[in-house]
Amino acid sequence: MATQRIAILGAGDIGATLGGKWAAAGHSVVFGVRNPESEKVAALRDRLGDQVKVTTMVESLVDSDVVLLAVTGQAVPDLADQFGASFNGRIVIDATNQRFKGAAETTGEWGEQVTLNSVGVLRKSAPEATLVRAFHHYSWEIFADPQFGDRRPDLFYCGPDDDAQRVVDELIEQIGVRPVRVGDVDQTEAVDHLLELWASLSIFQNRGRSNVAFAMLER
Ligand SMILES: NC(=O)c1ccc[n+]([C@@H]2O[C@H](COP(=O)([O-])OP(=O)(O)OC[C@H]3O[C@@H](n4cnc5c(N)ncnc54)[C@H](OP(=O)(O)O)[C@@H]3O)[C@@H](O)[C@H]2O)c1
């Protein structure tokens, strides 16, 4: 297994869940946050201990091979402006959605159709980054505990089919889900729609955020 140096921008539910698993798998994980001294960060340090570092966003990017974007979707344009140059030459995984946290649960509706991913914004700010769209269509609860009896979910993602695919496939495997590459990032809309399907089944039909995931049948 190759050890990756992973910078995770955002240390909320999704960032902390994925980062904790990657650190446990032996990767070097650094969280980049707005305020490294906040109470939330102190709680994260208590939870994940010395296996991860937490610093500023700019610091976290310095020695990274892979960047996971795990901030609110609304924050991405500013971060892309600020850090786009640092994303160049790195694998940048967009796990963000242009949704307000908890809105679907509160309103019981999906709401306005918008582009969920930030691939277009990232492409402009970081033309030399290797962009990947992944980890956006399940809840963090699924990533925390992905086992469904003796089966595990498929994770549908988009990105190039080169060396980066091997890195991304391994990172996905280490979360405990099976990577299914759907195409390059021009196919991102296809994997974005899976979030809506997941929300319909898990949230609007009350099956529960931990209880719904997908697997592909093939022959
Ligand atoms: N939760 C899920 O189940 C899930 C699953 C898949 C994908 N996602 C996507 O992943 C992203 C993060 O979700 P989450 O549930 O982890 O959210 P969260 O728990 O609310 O954490 C959000 C993180 O983004 C940071 N942030 C917010 N606004 C920022 C800004 N303007 N500049 C820099 N950082 C900012 C927050 O920092 P502070 O602590 O400083 O506020 C926090 O670290 C979202 O785009 C979401 O759609 C979530």
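Ligands are counted one by one from 1 in listed order, and the atoms in each one are counted from 1 as well. Side chains are part of it too, since the values below use all heavy atoms of this structure and drop only hydrogens, waters and symmetry mates.
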Acceptor/donor pairs from residues 76-87 side chains to any protein atom, 3.5 angstrom cut, sequence neighbours excluded:
none

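Applying the side-chain hydrogen bond (donor to acceptor under 3.5 Å, both in side chains) test between D192 and each of H137, R133, Q98 identifies R133 as the sole match.
Residue-to-ligand polar distances keep S139 apart from ligand 1: every N/O pair is separated by 3.5 Å or more. For the pair D13 and ligand 1, the shortest N or O to N or O distance falls below 3.5 Å. Taking any N or O of A11, backbone or side chain, at least one lies under 3.5 Å from an N or O belonging to ligand 1.
Taking the centre and axis of the six-membered ring of W198, the NZ or CZ atom of R209 falls outside the cone set by 45° and 6.0 Å.
Of all protein heavy atoms, the one lying nearest to atom 10 (O) of ligand 1 is I14 CG2, 3.2 Å. The shortest contact between atom 3 (O) of ligand 1 and any protein heavy atom is with W140 N, 2.7 Å.
Within the structure, ligand 1 lacks R99 among the residues with a heavy atom less than 4.0 angstrom away.
By the criterion of a heavy-atom distance under 4.0 Å, neither the backbone nor the side chain of Q74 is placed next to ligand 1. At a 4.0 Å heavy-atom cut-off, ligand 1 touches K101 through the side chain alone.
Residue A95 approaches ligand 1 through these ligand atoms, each under 4.0 Å from one of its heavy atoms: 7 (C), 8 (N), 9 (C), 10 (O).
Salt bridge present: R152 and E173 bring a charged side-chain N and a carboxylate O closer than 4.0 Å.
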